[in-house]
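Worksheet for the structure shown next.
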Amino acid sequence: MEFNEMKSTWNAVRTPTIPSTEIQAMLSENKHPVLKGIRKQLTIEIIGWCIFLSCYYTMFDANLKPLWINILLVLSILLPLIHNLMGYRLAKYLVHGANIRESLKNYLSKIKIYAIISIVSRQIYLAGFLLFFTYGLRFNTSRYVLLAVIGLIFLVQLWLLSRLWAKRLKNLGNTIAIFR
Amino acid sequence: MDETQFLTCIEEYQGIIHKICRLYRDTREDREDLFQEITFQLWKSLPAFKNEAKISTWIYRIALNTAIATFRKKKHAIEYRPVLPDLPEEQPSEELALRQERLFAALKQLDDADKAIITLYFEELSYQQIAAITGISENYVGVKLNRIKIKIQKLLIQ
């Protein structure tokens, strides 16, 4: 296929027509597919954690544990929620510059920070819970084995999450490199 | 520009957005999501739009930026059908449809950045306009286009 033929083929592409009423609905944050998903997740998480925080103190003998363990548990719950809120803002505004290269570069910097927080908050969340529920426990062989298994699951999760972010960041980085 | 003017503008230029969606996404569902995402980002970026730029140039920039920046969902296999499901009722001739399918199959194999540059070239934008939208120099646009043309030719022969 000659290049002019490619151009004419491209220009001959017929596209569907979406009426303005449908386009108008797309302007609403409530109809946005990604933002809707994040909002739903946030609402469920906030309700769930509010219920947990309102009853954990008496249900899990939190009064018998040191204050710092309690603070760590609350923080480990709050951090993923803050992370989700950050994700919401990041997904809401994708354009950060006067041209594509500049915008993607700025977006990459933001995504890098978000990725680090994503991994760290997940680990703090898991560690906070583990510390809270194992504090003061007497360890025997079977409990040590269980702890090792949980630790291994944490590490696998950390590895999977890091790999996912590394792949995303690499793809975006490669695209920016081509624009150089 | 108020909401009514914005909607008229999107209605007029939606063909551009549809083509970008077709190039950057493989399934109908993903294309619909990307169309919505681009429309939403255009709306959010509207306050920053300066009237000295052409509206179409601005739409290209935001649409391509959004297509590249959004992470794709789980990869789907590309469906090769003689009649694409999201095309309008009036279909192109069989020969033209086949040519379009071949072209898109080749273009889809390019990097996201190359896809953006070739899209702008196909849409008859000047090197100067392509440079302004992408943020690369005019000279480099020429170099890149030559490389992309060779890549596409190779992909079409395969």
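Below, read A as the first sequence line, B as the second, and so on, with proteins coming before strands; counting in each chain starts at 1.
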What about [X] and [Y], same hydrophobic cluster or not, with Ile/Leu/Val/Met/Phe/Trp/Tyr joined at side-chain heavy-atom distances under 4.5 Å?
X	Y	result
A:Ile113	A:Leu164	no
A:Ile124	A:Ile117	no
B:Tyr60	B:Leu145	yes
A:Ile69	A:Leu137	yes
A:Phe154	A:Ile119	no

Checking [X] against chain B: side chain, backbone, both or neither under 4.5 Å from a heavy atom?
X	value
A:Leu35	side chain
A:Glu29	both
A:Leu172	side chain
A:Tyr107	side chain

### Contacts of B:Asp114 that satisfy salt bridge (Lys or Arg N to Asp or Glu O under 4.0 Å) - sequence neighbours left out
B:Lys144, B:Lys151
Would you name the heavy atoms of [X] and [Y] that are closest together and state the gap between them?
X	Y	result
B:Ala116	A:Phe179	CB-CZ, 4.1 Å
A:Thr15	B:Gly15	OG1-CA, 3.5 Å
A:Trp10	B:Leu23	CH2-CD2, 4.2 Å

By a 4.5 Å heavy-atom criterion (distance strictly below it), what part of [X] contacts chain A: side chain, backbone, both, or neither?
X	answer
B:Ala132	backbone
B:Ile118	side chain
B:Tyr140	side chain
B:Gln36	both
B:Phe6	side chain
B:Glu11	both
B:Leu34	neither
B:Ile17	neither
B:Lys149	both

Point-to-point distance, once rounded to the nearest 0.5 Å, from [atom1] of [X] to [atom2] of [Y]:
X	Y	atom1	atom2	result
B:Gln100	A:Asn11	CD	CG	10.0 Å
B:Thr134	A:Ile178	OG1	CD1	12.5 Å
A:Ser20	B:Glu12	OG	CD	13.0 Å

### Query
With respect to chain A, which residue among B:Leu107, B:Thr8, B:Ile10 yields the maximal number of heavy-atom pairs within a distance under 4.5 Å?
B:Ile10
## Note on the structure
With chain A, the option among B:Lys19, B:Glu37, B:Glu3 that has the most non-hydrogen atom pairs under 4.5 Å is B:Lys19
Return a table of donor-acceptor pairs under 3.5 angstrom between the side chains of residues 47-55 of chain A and protein atoms on other chains or two or more places apart.
residue : atom : partner : partner atom : Å
A:Ser54 : OG   : A:Cys50 : O            : 3.2
A:Ser54 : OG   : A:Ile51 : O            : 2.7

### Task
Spell out the residues in residues 82-105 of chain A that have some non-hydrogen atom less than 4.5 Å away from a non-hydrogen atom of chain B, in order of number; otherwise answer 'none'.
A:Ala91, A:Lys92, A:Tyr93, A:Leu94, A:Val95, A:Gly97, A:Ala98, A:Asn99, A:Ile100, A:Arg101, A:Ser103, A:Leu104
Hey, are the side chains of [X] and [Y] touching, using non-hydrogen atoms and a 4.5 Å cut-off?
X	Y	answer
A:Met6	B:Leu156	yes
B:Leu7	A:Leu27	yes
B:Phe35	A:Met26	yes

### Message
Can you confirm whether A:Lys110 is buried at NZ, in the sense that more than 12 heavy atoms of other residues, nucleotides or ligands lie under 6.0 Å from that atom?
### Response
no
Please tabulate, one pair per line, all N/O donor-acceptor pairs under 3.5 Å involving side-chain atoms of residues 125-135 of chain A, not counting sequence neighbours.
residue  : atom : partner  : partner atom : Å
A:Thr134 : OG1  : A:Leu130 : O            : 2.5

### Query
Angle class for the A:His32/B:Phe40 ring planes (parallel below 30°, perpendicular above 60°, tilted otherwise)?
perpendicular
### Task
Sort out for me which of A:Leu108, A:Ile18, A:Val34, A:Asn171 touches chain B most, counting heavy-atom pairs under 4.5 Å.
A:Ile18
